[in-house]
Amino acid sequence: MSEPRVLRIPDMALVVLVGASGSGKSTFARTHFAPTQVLSSDAFRAMVADDENDQSATTAAFEALHVVAGKRLAAGRITVVDATSVQREARAPLVALAREHDVLPVAIVLDVPEAVCRQRNEARTDRTFGPHVIRRQRGELHRSLRALAKEGFRRVHVLRSVEEVDAARIEIEPLLNDRRTETGPFDVIGDVHGCRGELEGLLTTLGYDLVRDEEGRAVGAHHPAGRRAVFVGDLVDRGPDTPGVLRLVMGMVAGGDALCVCGNHEQKLVRALSGRTVQVTHGLAESLSQLSGQSEEFRAAVREFCDGLVSHYVLDGGRLVVAHAGLPERFHRRASGRVRSLALYGDTTGETDEYGLPVRYPWANDYRGAATVLYGHTPTPQVEWVNGTMCLDTGVVFGGKLTALRYPEREVVAVVAQQVWYEPKRPLAPPPAVQAPARAPDVLDIADVTGKRMIATAHHGTITVRAEQAAAALEVMSRFAVDPRWLLYLPPTMAPTATSTRDGLLEHPAEAFAGFRAAGVPLVVCEEKHMGSRAVVLVCRDDAVGAQRFGVPGPGTVVTRTGRPFFPPALTAQLLERVRAAVTAAGLWDELDTGWMLLDAELLPWSAKAGGLIRDQYAAVGAAAGAALSASGAALAAAAARGIDVADLAAGMTARAAGATAFREAYRRYCWPTDGLAGVQLAPFQVLAAEGATFHTRAHDWHLAVADRLHEAGTELFRRTASLVVDTTDEASVAAGTTWWEDLTGAGGEGMVVKPLANLTREGRRLVQPGVKVRGPEYLRLIYGPEYAAPANLERLRGRGLGVKRALALREYALGLEALERLAAGEPLWRVHECVFAVLALESEPVDPRL
């Protein structure tokens with residue numbers, strides 16, 4: 001009998017059983033794990049095909065298995081996959097799934113003899129494959145053994161006999177960051193950065209008794225009441241005595257008087273002490289110089305200590321989380337490279353501030369977790385609570401303070417720095433503001449919008465507008481836009497769905513549904529995309545409201561995507577009078593308790609605004625193509641009559657002529673005559689704002705219901721927007737959405753826009769696209785030319801890059817939301833206008849306008 005072997009499995013792990021058929025994986029799983037923890041490929045084959053041995057159902061079975069595994073891992077539950085998994089390509093999606101959910105993948109390999117596997121399979125009447133299958137599977141297993149760790153498995157347990165399998169015992173280990181059983185009380189201390197004197201002073205103030213060695217150096221500290229210190233990292237660099245700080249903290253940790261998480265400066269110091277090439281910047285030079293005067297034994301102990309620090313701690317039953325740079329709730333108690341990176345470095349917007357330092361993503365603004373999160377990393381002059389989080393780095397090394405928070409008392413204790421030990425690149429506190437003369441809230445200053453602008457948004461961090469972008473927008477705003485007091489919002493650009501690979505198609509709904517499903521959005525709404533011009537409509541209940549609320553007497557305004565008026569003033573007033581009447585008839589003034597409304601809409605027909613463009617560009621191209629191809633066709637017909645073989649040329653010319661005809665038909669269906677407002681239609685699809693309120697947190701079905709009420713109240717002006725809700729996780733629902741799009745585009749419609757039904761949506765800490773457009777093949781003919789669908793052209797167009805467009809769409813979306821929220825909060829006009837201006841400025845980004 002083999003000695004019992006303990007297989008240690010990290011909590012929340014994804015456990016992959018690896019072994020040939022007949023190796024005993026299912027028995028092992030039943031013996032050591034709860035039935036609910038085990039996902040068997042055989043069971044999933046039975047679910048999708050009513051036969052667990054139906055190999056034709058394998059693909060569908062594993063798709064279902066991966067979905068269920070993902071749901072379990074998202075909930076933090078140990079999940080065991082019972083399949084052969086002897087091939088790398090079968091294991092790779094599982095490792096990726098673990099990485100996606102920030103859990104550790106573990107492999108348990110059952111490498112029992114081939115004869116045992118063969119004997120067990122022969123005893124089963126439902127197994128009809130021959131011994132060559134087992135032989136092949138074991139060969140693949142043995143070729144994989146050395147590669148499992150490289151594939152990403154954090155632990156690999158190999159059981160090489162039936163006896164080892166039978167004697168194995170599973171032990172679930174809490175993760176290193178899981179200290180929920182430790183309830184404190186704690187004293188959480190901010191970034192020390194080598195300031196030993198200040199640290200000793202703070203510990204003394206907190207009531208700790210310092211322990212000193214024979215040389216008088218502090219080598220530990222103990223609190224008589226049993227309190228423990230928790231350090232948020234960045235003990236080292238920049239300050240005058242990094243070795244002294246490390247000696248003290250290492251002694252406290254070793255004595256059980258403290259915990260410490262890793263900071264980005266410890267991480268870099270470990271690399272330097274290990275002989276790796278690093279940039280000796282941000283105070284590392286001071287640490288290396290000070291440590292060079294210490295013994296080799298001490299330097300080795302420092303390297304081992306810093307290398308062993310974990311990314312974050314979860315304490316007090318999950319009610320307290322400590323991480324150097326903070327940590328959003330979804331990553332608490334998780335373990336992965338991504339979690340460690342976020343905990344040590346935080347997330348950035350990809351931009352830099354005026355000092356050349358990265359702009360940090362303001363994750364705390366969005367934090368809604370139950371745990372208190374204490375962190376450091378980014379120095380701040382004063383501590384403050386933000387949604388249950390607090391940054392304790394108060395810049396002691398820069399001449400600020402060293403700060404601690406008593407937990408659970410939530411009492412702040414701090415000591416002032418002895419001096420400025422290291423000059424900061426960015427001032428710790430902003431210079432005293434020069435008192436500027438007060439200005440009226442509706443007065444704008446050109447300095448508000450010129451030059452490089454950095455705009456803080458609640459939903460996408462800080463967004464930068466370059467000076468050249470601002471200059472381009474200023475030209476449009478100053479010469480063509482409506483009165484800025486009316487100009488409260490500009491709509492964002494919209495990205496297309498991912499490019500389709502289907503024959504003859506560049507865009508298809510399948511990619512839109514799959515994209516939202518991957519982003520964790522189960523329900524989307526498909527909205528008919530009207531072929532008109534985007535319009536923002538501001539309508540006031542009466543002219544007095546315009547004067548009182550916006551400082552401009554009048555009914556409101558109707559503007560284009562660039563802030564220009566759609567119609568001359570008299571026609572605009574007539575249009576707004578009809579809008580006002582419909583809003584009144586629909587009872588929306590009282591329902592929303594407002595004297596004004598801001599609507600996002602489409603104004604039809606396309607020709608109402610783009611008549612000149614249609615005549616000069618589209619009609620000219622169509623006419624030239626018709627004339628040229630007609631003459632070419634006649635010439636080829638004459639050549640054929642003379643016996644010349646021009647069949648291939650004639651076929652190509654016929655195809656080109658058909659494309660030109662389709663091109664003309666495409667733009668003509670979006671044009672019809674208008675006389676004044678006769679023939680003009682307005683298709684609203686979203687209520688943007690009203691007095692004191694924004695509506696981007698209301699689901700899109702509410703917005704469409706309001707639009708339907710406006711249609712019923714004013715059928716002559718308002719056009720209904722057809723819509724369909726689709727469940728991206730349900731194949732039948734997705735198929736219905738695809739059919740709906742095919743019917744729309746087949747009848748000449750432009751296509752549809754797919755949006756998260758819930759409206760404003762996040763995937764973790766990042767915004768999800770507010771909508772993607774899926775355009776029909778005939779509308780795309782207008783965009784890319786009459787012959788775009790030729791195989792060679794289509795293949796070239798499939799290489800179009802969408803990344804820049806999508807990033808631009810998110811930034812403009814966030815700026816639009818920021819403008820609306822500032823407007824609803826009653827902030828001064830310049831605060832609203834800087835966001836509106838920024839949207840227009842970003843439109844000068846060099847992005848393919850056809851996207």
Side-chain angles (χ1 to χ4, degrees), residues 8-13 76 98-99 101-106 152 154-155 171-184 186-192 228-237 245-246 248-271 273-274 300-347 363 369 371-377 389 391-393 405 407:
R8 291 182 170 83
I9 307 296
D11 194 12
M12 295 195 292
R99 185 178 297 116
H101 293 283
D102 302 288
V103 301
L104 300 178
V106 175
R154 299 294 290 271
R155 295 187 188 178
E171 184 176 297
I172 306 300
E173 288 185 334
L175 295 174
L176 293 176
N177 56 44
D178 187 357
R179 297 290 189 96
R180 287 177 292 171
T181 57
E182 302 190 23
T183 58
F186 301 110
D187 299 307
V188 186
I189 298 175
D191 301 33
V192 181
R228 300 178 73 190
V230 184
F231 293 91
V232 304
D234 277 6
L235 305 170
V236 305
D237 294 349
V245 168
L246 287 167
L248 173 53
V249 174
M250 289 162 59
M252 292 180 70
V253 171
D257 294 303
L259 297 169
C260 183
V261 299
C262 192
N264 57 300
H265 284 262
E266 281 81 37
Q267 181 95 334
K268 192 173 183 181
L269 179 61
V270 167
R271 294 201 302 269
L273 293 176
S274 300
V302 166
R303 191 192 66 78
E304 182 179 0
F305 171 77
C306 293
D307 195 35
L309 296 175
V310 299
S311 64
H312 70 286
Y313 279 125
V314 181
L315 303 159
D316 191 21
R319 289 180 284 273
L320 174 64
V321 173
V322 178
H324 176 61
L327 200 62
E329 184 180 30
R330 63 176 292 204
F331 300 113
H332 297 177
R333 288 184 58 226
R334 303 278 169 162
S336 69
R338 173 169 61 171
V339 171
R340 187 171 180 84
S341 177
L342 285 172
L344 268 63
Y345 300 97
D347 197 6
W363 67 274
T372 296
V373 181
L374 301 177
Y375 64 103
H377 189 50
T389 77
C391 176
L392 296 173
D393 181 3
L405 181 82
Y407 177 92

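Scored by the salt bridge (Lys or Arg N to Asp or Glu O under 4.0 Å) test, Arg99 finds no partners at all (sequence neighbours excluded). Residues satisfying the side-chain hydrogen bond (donor to acceptor under 3.5 Å, both in side chains) criterion with Asp187, sequence neighbours excluded, are Tyr208, Arg227. Shown here are the salt bridge (Lys or Arg N to Asp or Glu O under 4.0 Å) partners of Arg319, two or more places apart in sequence or in another chain: Asp316. Residues forming a ring pair (Phe, Tyr, Trp, His ring centres under 6.0 Å) with Phe231 (at least two apart in sequence, or on another chain): none. Glu329 pairs by the side-chain hydrogen bond (donor to acceptor under 3.5 Å, both in side chains) definition with nothing, not counting sequence neighbours. Partners of His324 under the ring pair (Phe, Tyr, Trp, His ring centres under 6.0 Å) rule, at least two apart in sequence or in another chain, are His377. When the side-chain hydrogen bond (donor to acceptor under 3.5 Å, both in side chains) test is applied to Arg338, the partners found at least two apart in sequence or on another chain are Asp102. Remark: Arg271 engages no residue in a salt bridge (Lys or Arg N to Asp or Glu O under 4.0 Å) (not counting sequence neighbours). Not a single salt bridge (Lys or Arg N to Asp or Glu O under 4.0 Å) links Arg154 to another residue, sequence neighbours left out. Remark: Arg228 engages Glu182 in a side-chain hydrogen bond (donor to acceptor under 3.5 Å, both in side chains) (not counting sequence neighbours).
Here the straight-line distance linking atom CG of Leu315 with atom CG of Asn177 works out to 10.0 Å at 0.5 Å rounding. We find the OH-CG distance between Tyr313 and Asp178 to be 11.0 Å, quoted to the nearest 0.5 Å. How far OG1 of Thr183 is from OH of Tyr407: 9.0 Å, rounded to the nearest 0.5 Å. Atom OH of Tyr375 is separated from atom CG of Asp393 by 10.0 Å, given to the nearest 0.5 angstrom.
Of all the heavy atoms in Pro10 and Leu175, the pair that sits closest is CB-CD2, 3.7 Å. Closest approach of Ala335 and Leu104 over heavy atoms only: O-CD2, 3.5 Å. In this structure, Ile172 and Asp11 approach most closely via the heavy-atom pair CG2-CA, 4.0 Å. Across all non-hydrogen atoms, the minimal contact from Cys391 to Gly376 is SG-O, 3.6 Å. Of all heavy-atom pairs spanning Ala371 and Gly318, the tightest one is CB-O, 3.2 Å.
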**OP:** Any chance you could lay out the side chain to side chain contact (heavy atoms under 4.5 Å, CB included) test for Leu235 and Leu246, step after step, and finish with the verdict?
**Re:** CA-CA 7 Å; Leu235 305 170; Leu246 287 167; 4.2 Å; yes
Original post:
Does the side chain to side chain contact (heavy atoms under 4.5 Å, CB included) test come out yes or no for Leu344 and Glu266, once each step is laid out?
Top reply: CA-CA 9 Å; Leu344 268 63; Glu266 281 81 37; over 6 Å; no
Original post:
What's the verdict on side chain to side chain contact (heavy atoms under 4.5 Å, CB included) for Val373 and His332, showing C-alpha distance, side-chain angles and the deciding distance?
Top reply: CA-CA 10 Å; Val373 181; His332 297 177; 3.9 Å; yes
Original post:
Going through the distances and angles, do Asp234 and Asn264 end up as a side chain to side chain contact (heavy atoms under 4.5 Å, CB included)?
Top reply: CA-CA 7 Å; Asp234 277 6; Asn264 57 300; 3.3 Å; yes
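Using a 4.5 Å heavy-atom threshold, the side chains of Lys268 and Val236 count as separate. With a 4.5 Å cut-off on side-chain heavy atoms, Leu392 and Ile189 do not count as touching.
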Counting only pairs under 3.5 Å, give me each side-chain donor-acceptor contact of residues 254-262, with atom names and distances, residues two or more places apart or in other chains.
| from | atom 1 | to | atom 2 | distance (Å) |
| --- | --- | --- | --- | --- |
| Asp257 | OD1 | His222 | ND1 | 2.8 |

What side-chain donor-acceptor pairs closer than 3.5 Å can you find for residues 300-311, not counting sequence neighbours?
none

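The backbone N or O of His101 sits less than 3.5 Å from a side-chain atom of Arg334, completing a donor-acceptor pair. Judged by distance alone, with hydrogens and angles left aside, the side-chain atoms of Ser274 form a donor-acceptor pair with the main-chain N or O of Val270 at under 3.5 Å.
Ring centers of Phe331 and Trp363: at least 6.0 Å apart, outside the cut-off.
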